[in-house]
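Some notes on the structure that comes next.
Bear in mind the structure is a predicted one, so any value in this text is a computation, not a measurement. Chain A is the first sequence line, chain B the second, and so forth, proteins listed ahead of strands; every chain is numbered from 1.
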Amino acid sequence: MPDSRGTEPQTSTGAEETAGRGYPFREITRRAQARWREERLFELRDPMKADRRFYCLNMFPYPSGDLHVGHGRNYILGDAVARVKKMQGYTVLAPMGWDAFGLPAENAAIANQVPPADWTRRNIERMKKQLDAWGAMFDWTREIASCDPEYYRWTQWIFLQLYKRGLAYRAKGAVNWCPSCRTVLANEQVIEGRCERCDTPVETRELEQWYFKITAYADALLDDLRLLEHWPEKVRVMQTNWIGRSEGATIRFPLDGEGAPLEVFTTRPDTLLGATFMVVAAEHPLITSLIERGRLPREAAAFVERLKRSRVENRFGVETEKEGHPTGLTATHPLTGAKVPVWVANYVLMGYGTGAIMAVPAHDQRDFEFASKYRLPIVEVVRSDSGTRFDGTAAVEADGRLVNSSPFDGLPSEEGKRAIVAALGKKGAGEGRVNFRLRDWLISRQRYWGAPIPMVICPTCGMQPVPESELPVLLPDQVEFKPTGESPLLTNEEFLRATCPNCHGPARRETDTMDTFVDSSWYFLRFLSPRLETKAFDSDAVNRWLPVNQYIGGVEHAILHLLYSRFIVKVFRDMGLIAFAEPFERLFTQGMITKSGHKMSKSKGNVVPPDALIERYGADTVRVYTLFIGPPEKDAEWNDRGVEGAYRFLIRYWKMVEDFIALQPVKAPGSGPTPAWAVSGPSRDLRRRVHHLVQQIGDDVDRFHFNTAVSGLMQLVNAVQEYQAAQEDMRAPEVAEAIDLATRLLAPLAPHTAEGAWERLGHERAVAEAPWPKFDPKALEADVVRLVVQVDGKVRSNIEVPSGSSQEAVRKAALADPKVERFAQGKRIAQVVVVPGRLVNVVTAKPAP
RNA sequence: GCCGGAGUGGUGAAAUUGGCAGACGCGCCGGACUCAAAAUCCGGUGGGGCUUAAACCCCGUGGGGGUUCGAUUCCCCCCUCCGGCACCA
């Protein structure tokens, strides 16, 4: 159950203890945030003006009430990316909004009699404060909430556009019903037979519902995955599996005594001659028709009833034991004319293909098990080239050459498929076909807190769309929230009463609302013109800024939201509203943060709230630790000790800056003429180390390796500290440069601390606007290089040679090394491998056997 | 069953193109400071052998094999874990 109570920091005494140590993070944080707000650094004023654009988007959250540190990872990553891009000279759009419709608000209303709108608004305010506390600089001038009439008006408009194009339709069929949420669900919202939201086992019901025809885009959704080269492979694979394209054929078997033939789908038309019986699903129309006419044998009819009942309870229950009964019908093989029996069985599903199969027991394990149990004939029709052949103990699902399939004997499987499909085509008994696993998107919900579907039902004209000029169809406030499971909209007579747009007679309003995934399937377009009153979005601005350059969110949306958004964008493209085919250029799916080995959840009581941590250590500590915890795409376990480590690092950084300032009059380092860099000695070495790290950190950030970027910054601070500990000159320009570089590199990760330091260092403009550091290739050069020396691939020694030494010189130096002499003693040297700048490997000849 | 991904110290992890395995943290051990503790600072920290010590040697990235001068990295087989799909015809 959602919980609107805020999590206030409990310990203020502990905070007082640790706030000291010369690192006044509270003051620093307050000042920095005030400054960014005042200077409006992260607001996009005119979308049409920017040249170098970067659209960085976090998946907008459902306002459930409280964020935990796991959510924080998402926003910290996005904020870090946005800040880096800004420093790299891009105009950055980083907006935020609220996926604000949904069931928890309505459940809270039923439980506490609080209107969902109020509950949602309160949570939004609370979560906004939390996001601000992290220092995430979203452009709040573009904030949107999907529950605002000015937003859902356009969600309804989208519905009407799809309706007009035949892409939204109402149909009756078997649907998923969650008895706890009291609503239907899309296939995508059913996980292992359970409701994605509440984990209740889903039931099957026959209901008339609204669908979006996503299957019309099945091919495009699959093909365009190839364009998404910057998406995680995992997500593309998941979508590929979900769409589930398979090539095969439909084949029609005439039925004795029936008008219509029995149509099946198969991926293996080459095995047609091995089809010895047919099987249909219990829900197949043929079965329904036979029952209605009283022609299904009593045993089979009883079986069908039993099966249907069990599937209503749980359609996804594991039915391991295959069971079936003859229907009494006989089909005619379309090529041989042989008579084959038609069975009804539990292992064939109505939801895939045609709900009927031709059974080829020799080459399909399921058919084989069934045929074995009921002693049905088995004919081998494919023999693999490797000699594996059907031996009567198990099905052989291999490619090979056709046998027992006159006149196709000897053909390889692939050719056999073509030949048999061609033969069927000639007789009008079948044709090649592509089948998809993807079903149409069921979008209607029997709930209140969602965008009303803009349709009215007229007793004379039937289903009629609400004219666009009458949008939005407003959700009424005056409804009753009762735990009856009925939609609260049914309790408002005024809402229900409508006028037919066609005949202007009295009509009844549709009371279903839309799946909240419809709301979220287009919100990224709205951010470019969040207050536009005449259109859903501004096509020019959208074409200029999209696809989203970097999208960041949880992998749990790999199928649902990401597939739906891709679909809606393709529809808009076909409507001529936008000029691109895919909404998200780059996708990053961050890993979950666990605590005590589990996903954080209120029911498990293992939620780590950010508030007390931020109070105690500061936002930057939480940010740095979150980034340092591990590779951001992998799950990670939260460790309070690790937070201390991040805090210590920031204290050391701050002390380094303060020590530096204390030593000399404050002037902005990096400004003025280029200093004369030391050509040798400790300052030179410091500079080399620092620039190596600048290079490494830059690469890390580009590759989303924020964990190693943090480690690189730690090393940078360590380098200065070691330099200082060695009593070297802290007034050297190399130190000033190191501190300047460290501060700018730190700015996206620990922005408040970096901003505070930058100010202390005498800069006028914010570090958030400072240029992203580049390393100086000259600084990386060295007079001597240290090479690893191996003997037979094992590290034995190190040598130092002047940079740019010839291979021959390196070879000589290596061979002269005492350790090499020792290990190569008494052996003939067969080869010396010199890898410039890296190593030397002295290879000795193997002793003669 | 099919399809992905992963397996490295006590622990989170690092190693960009095949080139010093364990960077950077956490923890732990020892020391300094302190009446004491906390905090901080310094040193050590993969396993084993040998040694008074230093030096030195061997082993080591889930297991087995291979390619290569050289493999955490590439190839083959196997094991384990995680994720997705699943009587999908």
Side-chain angles (χ1 to χ4, degrees), chain A residues 17-18 20-21 191-192 232-242 244-246 248 264-268 271 279 281 316 318-322 345-349 351-360 363-367 369-370 397 435-437 555-556 558-559 624-625 628-631 633-646 648-649 651-652 655 695-696 699-700 702-703 705 707-718 721 725 786-798 819 822 830-835 837-844:
Chain A
E17 286 164 28
T18 55
R21 283 197 253 162
I191 313 292
E192 288 185 352
E233 168 76 11
K234 178 166 81 166
V235 175
R236 287 185 305 192
V237 166
M238 282 167 73
Q239 293 215 354
T240 304
N241 289 345
W242 189 260
R245 182 182 197 271
S246 51
V264 302
F265 173 75
T266 176
T267 53
R268 294 299 298 270
T271 64
V279 187
F316 300 85
V318 192
E319 294 161 315
T320 43
E321 175 69 17
K322 288 178 180 46
N346 58 0
Y347 78 98
V348 173
L349 306 176
Y352 185 81
T354 63
I357 61 156
M358 64 176 204
V360 185
H363 305 293
D364 181 287
Q365 189 55 31
R366 295 155 302 182
D367 296 343
E369 285 169 24
F370 194 80
E397 299 181 39
N435 195 55
F436 291 93
R437 209 192 70 100
V555 74
E556 67 273 17
I559 294 171
V624 166
Y625 174 63
F628 189 57
I629 195 168
E633 70 279 7
K634 282 175 69 181
D635 291 352
E637 169 77 11
W638 188 265
N639 176 359
D640 290 329
R641 293 284 199 173
V643 179
E644 296 267 1
R648 282 202 277 264
F649 159 65
I651 289 171
R652 286 194 299 125
K655 183 174 177 299
Q695 180 181 29
Q696 181 226 303
D699 288 349
D700 285 344
D702 286 343
R703 293 183 302 151
H705 291 196
N707 52 329
T708 51
V710 171
S711 136
L713 276 158
M714 289 171 171
Q715 290 176 67
L716 215 165
V717 172
N718 290 350
Q721 228 168 34
R786 178 173 288 269
L787 300 180
V788 169
V789 180
Q790 300 180 333
V791 178
D792 292 328
K794 288 188 177 171
V795 178
R796 297 300 182 186
S797 185
N798 283 294
K819 299 289 288 293
R822 214 175 95 204
Q831 190 190 353
V832 178
V833 180
V834 177
V835 183
R838 285 203 181 266
L839 57 62
V840 186
N841 188 10
V842 179
V843 185
T844 63

Rounded C1' spacing from B:G62 to B:A54 in Å: 37 Å
Taking B:G22 as the reference, what is the distance to B:C81 when you measure between their P atoms (whole Å, please)? 31 Å
Drop me the distance from A:N798's CG to A:R786's CZ, to the nearest 0.5 angstrom. 5.0 Å
In whole angstroms, the gap separating P of B:G22 from CD of A:Q715 amounts to 13 Å
Would you kindly give the CG-to-C1' distance between A:D367 and B:G1, to the nearest whole Å? 15 Å
Side-chain N or O of A:R652 less than 4.0 angstrom from OP1 or OP2 on B:G25? yes
Remember a base hit wins even if backbone is also touched, and classify A:V835 as base, sugar-phosphate or nothing at under 4.0 Å, heavy atoms. base
Would one find a side-chain N or O of A:K794 under 4.0 angstrom from OP1 or OP2 of B:C69? no
Closest to the side chain of A:Q696, out of B:C24, B:G70, B:U16, is B:U16
Are any non-hydrogen side-chain atoms of A:K234 and A:V555 less than 4.5 angstrom apart? yes
Counting only side-chain N and O atoms of A:R437, is one of them less than 4.0 Å from OP1 or OP2 of B:C85? no
Rounded to whole angstrom, note down the C1' distance from B:A23 over to B:U34. 34 Å
B:U67 and B:G18: how far apart are their C1' atoms, nearest whole angstrom? 11 Å
Taking the six-membered ring of A:F370 (Phe, Tyr or Trp), confirm whether the NZ or CZ of A:K322 is under 6.0 Å from its centre and within 45° of its axis. no
Say we look at B:U61 and B:C42: how far apart would their P atoms be, to the nearest angstrom? 34 Å
Of B:C20, B:C26, B:A89, the nucleotide closest to the side chain of A:Y352 is B:A89
How is A:R641 classified with respect to the nucleic acid when contacts are heavy atoms under 4.0 Å: base, sugar-phosphate, or nothing? sugar-phosphate
Side chain of A:R796, heavy atoms from C-beta onward: which of B:C57, B:C20, B:C26 has the nearest atom to it? B:C57
Any base atoms under 4.0 Å from A:V843, or only sugar-phosphate, or nothing? Heavy atoms, all strands. sugar-phosphate
I need the A:F628 CZ to A:T708 OG1 distance, nearest 0.5 Å. 9.5 Å
Looking for any heavy atom pair under 4.0 Å, which part of the strands does A:L839 touch: base, sugar-phosphate only, or nothing? base
Ranking B:C3, B:C24, B:C69 by distance to the side chain of A:V237, first place goes to B:C3
Would you mind classifying the nucleic acid contact of A:K655 as base, sugar-phosphate or nothing, using non-hydrogen atoms under 4.0 angstrom? nothing
Roughly how many Å is it from CZ in A:R366 to P in B:A86, rounded to a whole number? 14 Å
Distance check: side-chain N/O of A:R703 vs OP1/OP2 of B:A14, anything under 4.0 Å? no
Test for a donor-acceptor pair under 3.5 Å between the base of B:G19 and the side chain of A:Q790, counting only N and O atoms. yes
Looking just at side-chain N and O atoms, do A:S246 and A:N435 make a donor-acceptor pair shorter than 3.5 Å? no
A:F628 CZ to B:U11 P, in whole Å, measures 17 Å
Both distances under 3.5 Å, Watson-Crick or G-U wobble: on that basis, could you give the dot-bracket string for RNA chain B, with [ ] for crossing pairs and | for other-strand partners? (((((((..(((......[....)))((((((.......))))))((((......))))..(((((..]....))))))))))))....
When the C1' atoms of B:G66 and B:U73 are considered, how many whole Å apart are they? 15 Å
Looking for any heavy atom pair under 4.0 Å, which part of the strands does A:R236 touch: base, sugar-phosphate only, or nothing? nothing
Roughly how many Å apart are B:A21 and B:A71, using the C1' atom of each and rounding to a whole number? 11 Å
Among A:V788, A:V833, A:V834, which one satisfies side chain to side chain contact (heavy atoms under 4.5 Å, CB included) with A:V840? A:V834
Measuring from A:D640:CG to A:Y625:OH, what's the distance to the nearest 0.5 Å? 8.0 Å
When you measure from the side chain of A:K234, which nucleotide among B:A23, B:C69, B:G4 comes out closest? B:G4
Between P on B:G25 and CE on A:M714, what's the gap in Å once rounded to a whole number? 6 Å
By nearest-heavy-atom nucleotide on RNA chain B, the more 5' of A:R786 and A:N707 is A:N707
Please round to the nearest 0.5 Å and tell me the distance separating atom OG1 of A:T240 and atom CZ of A:R437. 11.5 Å
Gap between atom CG of A:N841 and atom NZ of A:K794 - 0.5 Å precision: 12.0 Å
Pairwise P distance for B:C78 and B:G4, with rounding to whole Å: 15 Å
Between B:A89, B:G27, B:C20, which one does the side chain of A:R648 approach most closely? B:G27
Base, sugar-phosphate or nothing for A:G645? Non-hydrogen atoms, less than 4.0 Å. sugar-phosphate
RNA chain B nearest-nucleotide lookup for A:I559 and A:E637: closer to the 5′ end is A:E637
Let me know the distance between CG of A:D635 and P of B:G7, rounded to the nearest Å. 14 Å
Measure from the side-chain N and O atoms of A:D792 to the backbone N and O of A:T844, and report whether any donor-acceptor pair falls under 3.5 Å. yes
If you go through the side-chain atoms of A:N241, does one of them form a donor-acceptor pair with the base of B:C85 closer than 3.5 Å? no
Base, sugar-phosphate alone, or nothing: which one does A:V833 contact when heavy atoms must sit under 4.0 Å apart? base
Could you state the OH-C1' distance from A:Y625 to B:U11, rounded to the nearest angstrom? 11 Å
Gap between atom CZ of A:R268 and atom NE2 of A:H363 - 0.5 Å precision: 8.0 Å
Is B:G48 syn or is it anti, if syn means the base angle is within 90 degrees of 0? anti
Rounded off to whole Å, could you give me the NE2-to-C1' distance for the A:H705 and B:A23 pair? 15 Å
Give A:D700 one of three labels, base, sugar-phosphate or nothing, depending on what nucleic acid heavy atoms sit under 4.0 Å from its own. nothing
